[in-house]
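The structure appears below as structure tokens.
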Amino acid sequence: MLGLMARKVGMTQVFDEVGNLVPVTVMRVDPNVVISQKTKEKDGYAALVMGIDDVKTGKSSKPYAGQFSENITPKKTVKEFRDYDKEAAPGDKLGIEVFEGVRYVDVSGMSKGKGFQGVMKRWGFHGGRAAHGSKFHREPGSTGQCTSPGHSFKNIKLPGRMGRENITTLSLRVVKIDSEKGLIMVKGAVPGLNQGLVTVRAAVKR
């Protein structure tokens, strides 16, 4: 498994090697610093712990700063990558070069929050008739039963908060990698806001 944390820059379009115009999402890969290494003998599984974005001096608590060695500045975001295929030691910096030769990637990120929404936007309900006398335009309709069982069941589709969920988009084709600027461009859209944090991994199904 190969992967890094990155920042979503935005969307644009580029020409591929054949000359087709391809819509792409641009992600910036800042250096991921290896904080520690977990082993099967000590921890029960193998993983690399990496972090990005330095915490300002004096802004981290002592328990949080304790997981970083003296030569590593505490990081805002820390993430584990299990069964990493690339060897690295604490203090090493991994960048865009990790994805050399990778053709497809999986991207995980937090989707945009859309606030409290009704059933038509949240679940795709068709809604009632738009006529004057219907009195049933955008409402969810009957959610319970009569005398038996006399209550609503769990997991029924109702209005509520929408978005702000961790979403993974699988098997996105890598169109271009700019090593100088640390950019990776993939065909299609990835979840999250611009400048939002995403995790880019080598595709598991390709």
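From a predicted model like this one, the values you see are computed outputs, not experimental measurements. FYI, side chains are in, hydrogens and waters are out, and symmetry mates aren't considered; it's all heavy atoms of this structure.
- The shortest heavy-atom contact between Val34 and Ile72 is O-CD1, 3.5 Å.
- Asp85 CG to Leu2 CG: the interatomic distance, rounded to the nearest 0.5 Å, is 5.0 Å.
- By the rule that hydrophobic residues join a cluster once side-chain heavy atoms approach within less than 4.5 Å of another member, Val98 and Val174 end up as members of one cluster.
- Hydrophobic clustering (side-chain heavy atoms under 4.5 Å, transitive across Ile, Leu, Val, Met, Phe, Trp, Tyr) groups Val102 together with Phe81.
- Judged by distance alone, the side chain of Glu97 and the main-chain N or O of Gly95 form a donor-acceptor pair under 3.5 Å.
- Within the model, atoms CZ of Phe15 and NZ of Lys176 stand 12.0 Å from one another, a figure rounded to the nearest 0.5 Å.
- Between the side chains of Lys38 and Tyr45, at least one donor N or O sits under 3.5 Å from an acceptor N or O.
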Stepwise side-chain contact (heavy atoms from CB on, under 4.5 Å) test for Val186 and Met27: CA-CA 8 Å; Val186 298; Met27 292 172 287; 3.8 Å; yes
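- Two residues are said to be in side-chain contact when any heavy atoms from C-beta on lie closer than 4.5 Å; Met185 and Ile177 fail this criterion.
- How far CE of Met11 is from CG of Asn194: 10.0 Å, rounded to the nearest 0.5 Å.
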Verdict with reasoning, Arg129 to Lys135, per side-chain contact (heavy atoms from CB on, under 4.5 Å): CA-CA 8 Å; Arg129 296 175 61 191; Lys135 298 181 181 179; over 6 Å; no
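- By the 4.5 Å heavy-atom criterion applied to side chains, Leu170 and Thr168 are counted as neighbours.
- The closest side-chain heavy-atom distance from Arg103 to Arg206 is not below 4.5 Å.
- By the 4.0 Å N-to-carboxylate-O rule, Lys86 lies too far from Asp92 to be salt-bridged with it.
- Using modelled atom types, no side-chain atom of Ser111 and backbone atom of Pro191 make a donor-acceptor pair closer than 3.5 Å.
- By the 4.5 Å heavy-atom criterion applied to side chains, Glu139 and Met120 are not counted as neighbours.
- The minimum heavy-atom distance between Ile96 and Leu4, with the atom names listed, is N-CD1, 4.4 Å.
- Using a 4.5 Å cut-off on side-chain heavy atoms (C-beta onward), Val190 and Thr25 make contact.
- Gln195 CD: more than 12 foreign heavy atoms inside a 6.0 Å radius.
- Within the 3.5 Å criterion, the main-chain N or O of Ala46 finds no donor-acceptor partner in the side chain of Tyr84.
- Residue pairs meeting the salt bridge (charged side-chain N to carboxylate O under 4.0 Å, His left out) criterion with at least one partner in residues 56-79, sequence neighbours excluded, are Asp54-Lys75.
- Using a 4.5 Å heavy-atom threshold, the side chains of Gln37 and Val49 count as separate.
- A 4.5 Å side-chain heavy-atom check between Met162 and Phe116 finds every atom pair outside the cut-off.
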Evaluation steps, side-chain contact (heavy atoms from CB on, under 4.5 Å), between Met50 and Leu94: CA-CA 9 Å; Met50 293 193 281; Leu94 302 179; 3.7 Å; yes
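- Side-chain atoms of Val14 and Lys187, non-hydrogen and from C-beta on, never get closer than 4.5 Å to each other.
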Intermediate values then yes/no, side-chain contact (heavy atoms from CB on, under 4.5 Å), Met5 and Leu197: CA-CA 7 Å; Met5 289 176 281; Leu197 186 70; 4.2 Å; yes
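- A distance of 7.5 Å separates CD in Gln67 from OG in Ser36, rounded to the nearest 0.5 Å.
- Interatomic distance, Arg122 CZ to Lys114 NZ, rounded to the nearest 0.5 Å: 12.0 Å.
- A distance-only check finds a donor-acceptor pair linking the side chain of Asp106 to the backbone of Val204 [under 3.5 Å].
- Scored by the salt bridge (Lys or Arg N to Asp or Glu O under 4.0 Å) test, Lys93 finds no partners at all (sequence neighbours excluded).
- Not one N or O on the side chain of Asn20 forms a donor-acceptor pair closer than 3.5 Å with the backbone of Asp16.
- To the nearest 0.5 Å, the span separating CG on Asn166 from OG on Ser108 amounts to 6.0 Å.
- Taking each heavy atom of Leu193 and Lys112 in turn, the nearest pair found is CD2-CG, 3.7 Å.
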